[in-house]
Trainee: 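This is the structure I have questions about; it appears just below.
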Amino acid sequence: MIKICYRYAGDADGAGTIYNDAMLRIFKNIGNYTDEGKLTSWIKTIIINCSIDFCKKKNIFKKSVPYIAEDEIILLPEAFNRVSGKEIQELIATLPAATATVFNLYVYEGYTHKQIAEVLGISDGTSKWHVSEAKKLLKTKLEQTSQTETKTNAAG
């Protein structure tokens, strides 16, 4: 669960803050938990909500960005075969905070743009722009990683 916190915070201090807030919220509300669902799902939901609150407190969503539909950025699955999950997480962590947050909610948590807009207080278009921007930046970073590996392998 700490990995979820780190994904949204981007650093160990922020992840610790989110995790502590989440654990406090879990312990305060454990009496409200019913056996109707899995405990881990309930805990994960609280951690994600604490992560969203953390991002809101950092005020990373100061401005609205208009979304203009362009050609969809497509990341081919083969691009991910050359890098590990950890490396992908590190690439996502280098994205601007607002873009990384929206991207994480959309890709990892399965939120729709409408849901993201509601929880973060942004427009659907802004959510779409952040996902598109994340894909564009990640594609560039993956291409750079691939080129660096090719040069390293050629030199070795």
Side-chain angles (χ1 to χ4, degrees), residues 1-30 32-81 83-142:
M1 295 293 171
I2 192 74
K3 288 182 180 182
I4 294 171
C5 302
Y6 189 82
R7 192 166 57 222
Y8 287 93
D11 61 29
D13 289 339
T17 299
I18 293 170
Y19 190 77
N20 287 336
D21 290 347
M23 290 299 115
L24 181 62
R25 203 178 287 182
I26 288 166
F27 288 122
K28 281 184 175 179
N29 294 296
I30 195 73
N32 297 333
Y33 173 72
T34 60
D35 291 329
E36 294 178 13
K38 293 194 180 244
L39 180 63
T40 54
S41 296
W42 182 73
I43 291 171
K44 182 178 178 185
T45 300
I46 291 173
I47 289 174
I48 291 168
N49 288 335
C50 287
S51 298
I52 291 168
D53 292 345
F54 176 83
C55 292
K56 284 181 180 178
K57 285 178 191 171
K58 287 178 61 177
N59 201 19
I60 60 175
F61 297 99
K62 297 175 200 155
K63 61 180 183 163
S64 178
V65 182
Y67 175 71
I68 301 168
E70 299 175 6
D71 292 336
E72 180 70 21
I73 303 294
I74 298 172
L75 296 174
L76 300 174
E78 298 81 45
F80 293 101
N81 292 339
V83 292
S84 69
K86 182 179 179 184
E87 290 170 316
I88 292 170
Q89 285 296 334
E90 289 170 356
L91 290 174
I92 293 170
T94 65
L95 296 173
T99 301
T101 299
V102 173
F103 186 76
N104 283 324
L105 288 171
Y106 185 77
V107 172
Y108 286 105
E109 314 310 338
Y111 281 42
T112 65
H113 289 295
K114 183 178 180 181
Q115 291 170 321
I116 294 169
E118 288 173 6
V119 299
L120 296 178
I122 60 176
S123 70
D124 290 15
T126 299
S127 175
K128 290 175 184 177
W129 180 87
H130 281 295
V131 170
S132 177
E133 184 70 6
K135 287 179 179 179
K136 183 171 65 175
L137 293 170
L138 288 172
K139 182 177 181 182
T140 302
K141 290 173 189 284
L142 284 169

Trainee: Hey, can you tell me if Tyr106 and His113 have their rings parallel, tilted or perpendicular (30° and 60° cut-offs)?
Mentor: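 Parallel: the ring planes of Tyr106 and His113 meet at under 30°.
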Trainee: Search all heavy atoms of Tyr33 against all heavy atoms of Leu39 and return the closest pair with its distance.
Mentor: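 Result for this residue pair: OH-N, 3.1 Å.
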Trainee: For the side chain to side chain donor-acceptor pair (under 3.5 Å) test, which of His130, Lys135, Glu133 pairs with Thr99?
Mentor: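 The single option meeting the side chain to side chain donor-acceptor pair (under 3.5 Å) with Thr99 is His130.
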Trainee: Not counting sequence neighbours, which residues clear salt bridge (Lys or Arg N to Asp or Glu O under 4.0 Å) with Glu90? List them please.
Mentor: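 Scan of Glu90 (salt bridge (Lys or Arg N to Asp or Glu O under 4.0 Å), adjacent residues dropped) gives none.
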Trainee: Let me confirm one number: the CD1-CH2 distance from Ile30 to Trp42, rounded to the nearest 0.5 Å.
Mentor: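 Between atom CD1 of Ile30 and atom CH2 of Trp42 there are 4.0 Å.
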Trainee: Would you compute the distance between atom CG of Asp53 and atom CZ of Arg25 and round it to the nearest 0.5 angstrom?
Mentor: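 Spacing of CG (Asp53) from CZ (Arg25) equals 5.0 Å.
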Trainee: Passes side chain to side chain contact (heavy atoms under 4.5 Å, CB included), Ile92 versus Val107? Steps please.
Mentor: CA-CA 11 Å; Ile92 293 170; Val107 172; over 6 Å; no
Trainee: Taking all atoms of both residues into account, what is the closest heavy-atom pair of Ala9 and Lys58, and its distance?
Mentor: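 Heavy atoms of Ala9 and Lys58 come nearest at O-NZ, 4.1 Å.
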Trainee: From Leu105 CG over to Ile48 CD1, what is the distance, rounded to the nearest 0.5 angstrom?
Mentor: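 That separation rounds to 7.5 Å.
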Trainee: Between the main-chain N or O of Asn32 and the side-chain N or O of Asn29, is there a donor-acceptor pair closer than 3.5 Å?
Mentor: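 No, because the side chain of Asn29 does not come within donor-acceptor range (under 3.5 Å) of the backbone of Asn32.
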Trainee: Does Tyr19 have more than 12 heavy atoms from other residues, nucleotides or ligands lying within 6.0 Å of its OH?
Mentor: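 Check fails, neighbour count at 12 or below.
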Trainee: Ignoring hydrogens and geometry, is there a side-chain-to-backbone donor-acceptor pair from Lys56 to Val119 under 3.5 Å?
Mentor: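 Judged by distance alone, yes, a pair lies under 3.5 Å.
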Trainee: Quick one: are Tyr111 and Ile52 in side-chain contact, heavy atoms under 4.5 Å?
Mentor: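 Tyr111 reaches Ile52 side chain to side chain.
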Trainee: Give a yes or no on whether the backbone of Cys55 and the side-chain of Tyr8 come within a donor-acceptor separation of less than 3.5 Å.
Mentor: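 No, the answer is negative, given that no donor and acceptor are paired below the 3.5 Å cut-off.
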Trainee: Rounded to the nearest 0.5 Å, what separation is found between the OG1 atom of Thr45 and the CD atom of Glu109?
Mentor: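 So the OG1 of Thr45 and the CD of Glu109 are separated by 9.0 Å.
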Trainee: Minimum heavy-atom separation for Ser123 to Ala117, with atom names?
Mentor: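 Closest approach of Ser123 to Ala117, heavy atoms only: C-CB, 3.7 Å.
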Trainee: Measuring from atom CG of Leu95 to atom NZ of Lys136, what distance do you get when rounded to the nearest 0.5 angstrom?
Mentor: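 Here the interatomic distance stands at 12.0 Å.
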Trainee: Taking all non-hydrogen atoms of both residues, which atom of Cys5 and which atom of Ala15 are closest, and how far apart?
Mentor: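 Scanning both residues, the minimum pair turns out to be CB-O, 3.5 Å.
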Trainee: Nearest 0.5 Å please: distance from the OG atom of Ser127 over to the CZ atom of Phe103.
Mentor: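 The CZ atom of Phe103 is 12.0 Å from OG of Ser127, to the nearest 0.5 Å.
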Trainee: If the condition is side chain to side chain contact (heavy atoms under 4.5 Å, CB included), which residues does Thr94 pass it with, not counting sequence neighbours?
Mentor: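 Testing Thr94 for side chain to side chain contact (heavy atoms under 4.5 Å, CB included), a comparison that skips the adjacent residues, returns Lys141.
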Trainee: Of Leu24, Thr17, Ile18, which meets side chain to side chain contact (heavy atoms under 4.5 Å, CB included) against Cys50?
Mentor: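 Filter result, single survivor: Ile18.
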